[in-house]
Amino acid sequence: MKNTPKTLALLGEDAARFIAKDKKMFIDGAWCPAAGGSVIEVEDPATGQMFDRVPRGLAADVDLAVAAARAAFDEGPWGQMSPAERGKLVWKLGDLVEAHADELAQLEALDNGKPVTDARIGDVAFSYELLRYMAGWSTKITGQTIPLSAEAPFHAYTLREAVGVCGQIVPWNFSFMMAVWKVAPALAAGCTIVLKPAEQTPLTALRFAELVEEAGFPKGVFNVVTGYGHEAGAALAAHPDVDKIAFTGSTEVGRKILDAAQGNLKKVSLELGGKSPMIVFPDADPDVAIPAIGYGIFYNMGQTCTAGTRLYIHKDIAPVILEGLKTFAENMTVGVGLDPATQIGPLVSKEQFDKVLGYIEAGLADGATLLCGGTQVGEEGYFIAPTILTETKPHMSVVCEEIFGPVLSVATFDDDGFEEIVKEANASVYGLAGSVFTRDISRAHQVARKLKAGTIGINTHHVIDPALPFGGFKQSGWGREQGYEAILLYTEVKSVGVAL
Ligand code: NAP
Ligand code: MG
């Protein structure tokens, strides 16, 4: 029997109907239980109650899904489809996601805990726009003609071909959107897919599979195996018949993916952790900087790989910025994700909740000062108040390690140049994002060039768009998602030479 936490009452009809269904995996165009017959319980992080269960896929299920994806790639109608036909299907999938956007946002809010309003205008809207953006690339993936320097005349050209069967492993923080970030370019390029969502948030991937089926993709093109990372995930990463593995998650698991990929040297792209700096110069506009920094850290409860977690403020502007940030943080509406007014929902799990409270404790023990937050909100679920720690020092764990929670560490600087503070901002093993707040256009662009990170904001923090490459320097990853760069991740170049 499924439990029914009280938050389920907040679901719309469509989402409630989906929750009531028995969950199966989507393999080779059919719905099936896990070969081993066991399940994983699905938890509502606002209450800590279990309300659903999904199949616990094992290596045998991954084998079936990979075989289906292989057959669909090598023999199915998918490979014979024209780029335009493929693009139309991907576009149709985008339309279906938009048509079910409220339902998908509610499922994500229930499963992950995130604010439903953010899920609707962020995660889900971005996903259908990305599907349409990538649908457009289907007909624009081309090679080049290349002049050769050989003595005899040649005609030489390149073909850009789909890489093949792709394993895609995604985390729980933006589970639906991370899946679409990977699926959309892979489909546009003509690949086939086995997707493994995170154990904590498997629901939207299964609902998405229903929409893939409804859109009319040939069987085996898209498959979903739910399960644990060390079981289904590890089997997928190591599978000898997978041509490419795409992963988003922790840097630690990213290394395991690399190890597993060694067997057949499959292509690997990785989108890993971050510890992104935000730098505020004395000429910054506080009315611009305060909300940008507030959302920079607290959006999605700080469970965002690009979260601006380290704030460096010039001492001359520190009092006004800190006062503004404290007010911003204390006025955020904390509540269950399914309430449209909520701005801060619960963290995804007890594990994440304990980890984040542990970091706050460690920061205070290391000598940081608590400006606001720092504690659980309410008595049930995994809610933590937006937290700001000031007077942090470079060696503290809250400054060096990825917390993945609503915790901002703040330090001030007094140098009038920017070399020193940029050096401190760059003193991290990560390099995913960074931002700079100033009205000096020259300094803004110079700092943007010096920061060692994949995405830089000037007078803003989170900058994402379907057309804008996204990914990390250093230990934040390999490769870029979004834009044409994402198409490159899912294609191989073949050179053809003709002796004339
Ligand atoms: P994680 O373990 O890296 O999970 C990401 C995905 O990888 C999940 O689908 C996970 O499956 C799977 N996985 C785990 N072990 C695997 C293995 N050996 N082989 C193949 N796949 C495997 O992240 P997490 O444990 O959920 O979170 C831990 C920390 O990672 C967070 O506190 C945060 O610091 C960081 N994180 C970063 C991002 C990001 O976007 N950069 C996202 C999430 C988390 P299961 O979940 O089913 O185990
Ligand atoms: Mg995990």
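Predicted model only: the values in this text are computed from it and were never measured. Order of listing sets the numbers, starting from 1, for every ligand and every atom in it.
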For ligand 1, which atoms, with element, lie under 4.0 Å from some heavy atom of [X]?
X	answer
V170	6 (C), 8 (C), 9 (O)
G227	47 (O)
G233	19 (N), 20 (C), 21 (N)
G273	41 (N)
V253	1 (P), 2 (O), 3 (O), 13 (N), 14 (C), 15 (N), 16 (C), 17 (C), 22 (C)
K196	9 (O), 11 (O), 45 (P), 47 (O)
Q200	26 (O), 46 (O)
A198	9 (O), 46 (O), 47 (O)

For this session: Answer yes or no: are there more than 12 heavy-atom neighbours, outside E361 itself, under 6.0 Å from its atom CD?
Result: no
Between [X] and [Y], is there a donor-acceptor pair closer than 3.5 Å when you use the side chain of the first and the backbone of the second?
X	Y	value
D44	D111	no
T117	P340	yes
W78	G190	yes
K23	D52	no

Please state which part of [X] comes within less than 4.0 Å of ligand 1, counting heavy atoms only: side chain, backbone, both or neither.
X	answer
L272	backbone
W172	side chain
A237	neither
Y228	backbone

Problem set entry | Any donor-acceptor N or O pair under 3.5 Å, side chains N112, K114 | no
Exercise. Taking atom types as modelled and ignoring hydrogens, do the side chains of Y382 and E43 form a donor-acceptor contact shorter than 3.5 angstrom?
Worked result: yes
Exercise. Taking 4.0 angstrom as the limit, do R53 and E41 come out as a salt bridge?
Worked result: yes
Seminar exercise, completed: Interatomic distance, OG1@T304 vs NE2@H462, rounded to 0.5 Å, equals 5.0 Å
Exercise. In terms of the angle between their ring planes, are F328 and F298 parallel, tilted or perpendicular, with boundaries placed at 30° and 60°?
Worked result: parallel
Quick one: does [X] get an N or O within less than 3.5 Å of an N or O on ligand 1?
X	result
K355	yes
P171	no
I257	no

Exercise. Sequence neighbours excluded, which residues qualify as salt bridge (charged side-chain N to carboxylate O under 4.0 Å, His left out) partners of D259?
Worked result: none
For this session: Tell me, please, which residues at least two apart from R56 pass salt bridge (charged side-chain N to carboxylate O under 4.0 Å, His left out).
Result: E231
Exercise. Per the side chain to side chain contact (heavy atoms under 4.5 Å, CB included) rule, which among L347, T201, N300 passes with N173?
Worked result: N300
Identify which of [options] has a heavy atom lying nearest to [atom].
atom	options	result
atom 17 (C) of ligand 1	A232, A307, G229, A235	G229
atom 18 (N) of ligand 1	K256, M178, E401	K256
atom 35 (C) of ligand 1	E231, H230, E402	E402
atom 40 (O) of ligand 1	A234, G254, C305	C305
atom 6 (C) of ligand 1	Y430, F247, F404, Y359	F247
atom 5 (C) of ligand 1	L195, I245, V356, T248	T248

